[in-house]
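These notes are about the structure you will find just below.
To find a chain, count down the sequence lines: A is the first, B the second, and so on, and within it residues start at 1.
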Protein chains: 2
Amino acid sequence: MSQSRPRIIPEATVARLAVYLRVLAGLADGGRSHVSSGELASAAGVNPAGLRKDLSYLGPCGVRGVGYSVAGLRDRLTDALGGERSRPCVLIGIGRLGSALADYAGFASRGFEFVGLLDTDPATVGHQVGGLRVRPVEELEAVVAETRATIGVITTPAEVAQSVCDRLVSVGVRSILNFAPVALTVPAGVDVRKVDLSVELQVLAFLDQQRHGTPPLLAPLRAAQGAAR
Amino acid sequence: MSQSRPRIIPEATVARLAVYLRVLAGLADGGRSHVSSGELASAAGVNPAGLRKDLSYLGPCGVRGVGYSVAGLRDRLTDALGGERSRPCVLIGIGRLGSALADYAGFASRGFEFVGLLDTDPATVGHQVGGLRVRPVEELEAVVAETRATIGVITTPAEVAQSVCDRLVSVGVRSILNFAPVALTVPAGVDVRKVDLSVELQVLAFLDQQRHGTPPLLAPLRAAQGAAR
DNA sequence: GGGTGTGAAGGGTTTCACAGCA
DNA sequence: TGCTGTGAAACCCTTCACACCC
């Protein structure tokens, strides 16, 4: 087994590469030509050594004693994350969250294009959201087929999320981002990522309570735990 | 004050406890009185052994050979996560995402109450969103003081997020949930959690590309990595 | 000197296997 | 017998320290 021309990149690293890429875009706009790992790390909110390790998965891409070329690193990261080609996505469930996502500029600028918006509600179907007409969910399979979408985003109520997911999988979608508060079950080879907004708040509240409702003697412990982030 | 505080609970566990709590609510509605770790784990999308370990941080709360009492475990989890008291939150930035969050039912049912909505846009200020009137961002300090909010949620553009954050911190908010795509810097003792929607999509796209654009020989490796979730 | 690249150490989290009890 | 509770192992990721090169 003599592979590893491209080393495998840890998922945690991939997530941070996307952050670095955004910071670099800002620096490029500002006219900067070089950055050090320290500066880049502080802008991204991470440890400098960790940043260097992250970048090392792409092979050497800096100059010792100098730093990184903003433009060069940007290209390197863009390429590693899949180039600039547009990625067609379908979005199912055009409620408040769904329509917020549908015209969130942050997606388009990163190469994600919503090519299909679907909903069950007759009051929503037919409306324009983010420059696209909302279509009835019955047309899901047809939309995926005609747009060749490879990513599905689910912002439906929890009750119907699994059935929407099954339909996406059945027409070949292998990457799904799920905002519905349920665990989706999918066959092997399909990748689901879940974003649970209320869980984030709940964790925050827990840490908050832990800090405040704790006897003085235990406070240092809490502080240490909280400071980890 | 809680009586038994034998162990500190890992943050990863806290996040999952919130998920278990939601699943249990569904089971209770369905009239179930008991669950096994296996069933609960599959509904939550986690490993059964891991679930038992998570629950063990609360002390023994099941019956060997039988399982867990739905009602009993629900109370236990609710208590561990901070009881049922309402937590006042302020939300700054009432754009699409902000208004989606402002009347997301998932928050209210978990004890999170938005008590202040703020924005700079004159076209937005004064409108009713989620049953609350949007107030000008100049009143931020006054709103926090009068509502005693302890949690701040930032859904502003990236450029102003840091200044909003600073103002929240200056009036005593120690828990902040940040949706703006920047790394916020805060003094020690303040807890910031970041949710970056486009990073989630980017990771999904990366894994997708990795699967498809990979030579057959490497495919098994990719599958193993992807199947981790 | 200054800053990158990277092995090694450390900490946290997941998985496994099995002891223990209704 | 069935399922919980939990030490121990395995794994992943972060952090540190320093060699190395401009």
Does [X] reach the side chain of [Y], with side-chain heavy atoms less than 4.5 Å apart?
{"X": "Ile176(A)", "Y": "Val169(A)", "answer": "yes"}
{"X": "Val66(B)", "Y": "His34(B)", "answer": "yes"}
{"X": "Leu101(B)", "Y": "Phe179(B)", "answer": "yes"}

Rounded to whole angstroms, how far apart are [atom1] on [X] and [atom2] on [N]?
{"X": "Arg16(B)", "N": "dT13(C)", "atom1": "CZ", "atom2": "P", "answer": "8 Å"}
{"X": "Leu58(B)", "N": "dT4(D)", "atom1": "CG", "atom2": "P", "answer": "15 Å"}
{"X": "His34(A)", "N": "dT4(C)", "atom1": "NE2", "atom2": "P", "answer": "12 Å"}
{"X": "Asp54(A)", "N": "dG5(C)", "atom1": "CG", "atom2": "P", "answer": "12 Å"}
{"X": "Ile8(A)", "N": "dC13(D)", "atom1": "CD1", "atom2": "C1'", "answer": "13 Å"}
{"X": "Tyr57(A)", "N": "dT6(C)", "atom1": "OH", "atom2": "C1'", "answer": "10 Å"}
{"X": "Ile9(A)", "N": "dC13(D)", "atom1": "CD1", "atom2": "P", "answer": "12 Å"}
{"X": "Leu73(A)", "N": "dG3(C)", "atom1": "CG", "atom2": "P", "answer": "16 Å"}

Atom pairs under 3.5 Å, N or O on each side, protein against nucleotides 16-20 of chain D: can you list them with distances?
| residue | atom | partner | partner atom | Å |
| --- | --- | --- | --- | --- |
| dC20(D) | O2 | Arg64(A) | NH1 | 2.9 |

Inset, instruction - Would you mind telling me which of dC22(D), dT13(C), dG5(C) lies closest to the side-chain atoms of Pro60(A)? - result: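 Nearest listed nucleotide: dG5(C).
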
Legend entry - Point-to-point distance, once rounded to the nearest 0.5 Å, from OG1 of Thr150(B) to CG of Leu168(B): 11.5 Å

Inset, instruction - Answer yes or no: does a side-chain N or O of Ser37(B) lie under 4.0 Å from OP1 or OP2 of dC3(D)? - result: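 No, Ser37(B) has no side-chain N/O under 4.0 Å of OP1/OP2 on dC3(D).
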
Inset, instruction - Report yes if at least one side-chain N or O of Tyr68(B) is closer than 4.0 Å to OP1 or OP2 of dG5(D); otherwise report no. - result: yes

What's the shortest heavy-atom distance between [X] and [Y], and which atoms?
{"X": "Ala15(A)", "Y": "Val203(B)", "result": "CA-CG2, 3.7 Å"}
{"X": "Gly98(A)", "Y": "Leu91(A)", "result": "O-CD2, 3.3 Å"}
{"X": "Phe114(A)", "Y": "Ala102(A)", "result": "CD1-O, 3.9 Å"}

